[in-house]
Amino acid sequence: MTKVLFLPEVVDQFLELAEVLYNNGYLGFKESAIAYAEQLFKDIQHDLPLKVKKDAPSDFKGYGQGLFYSLFPKNRNTTWYVFYSIHEKNGDTVYLIRYLGNNHVIAHHLHD
């Protein structure tokens, strides 16, 4: 079985994301901002094990050792980067999400 889990601080990022999207005028309705954050959360939870994984650059070592990242494009302008570790436990594969960022904030740290 495969599980995708989020650190509590990452869950907080999703809550903050909805507020930022609405308060900064990126989305005009609070309901739309909440729906965007919820859909991103669900996409990660469902699709992460299917995504191509890349080794995370050393700039992100503060979030843990042996990190990977995968991309989640949301529209023409924004791609989300999900940083995670993979653990095997009792025959299960666990993806532990440790950090979430988008191209507007972290792309300069990625040297592809």
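For the pair F72 and N102, the minimum side-chain heavy-atom distance is 4.5 Å or more. Taking 4.5 Å as the limit, some side-chain heavy atom of S70 sits within range of a side-chain heavy atom of L48. Using a 4.5 Å heavy-atom cutoff, the side chains of F83 and I97 are not in contact. For the pair F68 and D55, the minimum side-chain heavy-atom distance is below 4.5 Å.
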Expected list for residues 25-38: side-chain donor-acceptor pairs under 3.5 angstrom, two or more places apart:
residue	atom	partner	partner atom	Å
K30	NZ	E19	OE2	3.3
Y36	OH	W80	NE1	2.9

For residues 2-12, tabulate all N or O donor-acceptor pairs below 3.5 Å that involve a side-chain atom, not counting sequence neighbours.
none

For residues 88-96, dump all side-chain donor-acceptor pairs below 3.5 Å to protein atoms at least two apart in sequence or in another chain.
residue	atom	partner	partner atom	Å
E88	OE1	T93	OG1	3.2
E88	OE2	T93	OG1	3.0

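Under the rule for a side-chain hydrogen bond (donor to acceptor under 3.5 Å, both in side chains), the partners of K74 that lie at least two apart in sequence or sit in another chain are D43. In terms of the ring pair (Phe, Tyr, Trp, His ring centres under 6.0 Å) criterion, residue partners of Y63 (sequence neighbours excluded) are, by chain and number, Y99. With sequence neighbours excluded, no residue forms a salt bridge (charged side-chain N to carboxylate O under 4.0 Å, His left out) with K53.
We find the CD-NE2 distance between Q39 and H46 to be 11.0 Å, quoted to the nearest 0.5 Å.
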(request) List the steps and the verdict of side-chain contact (heavy atoms from CB on, under 4.5 Å) for F14 and I44. (result) CA-CA 12 Å; F14 284 97; I44 294 167; 3.8 Å; yes
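Side chain of N75 to main chain of T78: a donor-acceptor pair is present (N/O by atom type, distance under 3.5 Å, no hydrogens or angles). In this structure, N103 contributes its side chain and T79 its backbone to a donor-acceptor pair below 3.5 Å.
Nearest heavy atoms, L67 versus S85: CD2-N, 4.0 Å. What you find for Y69 and P57 is that their closest heavy atoms are CE2-CD, 4.0 Å.
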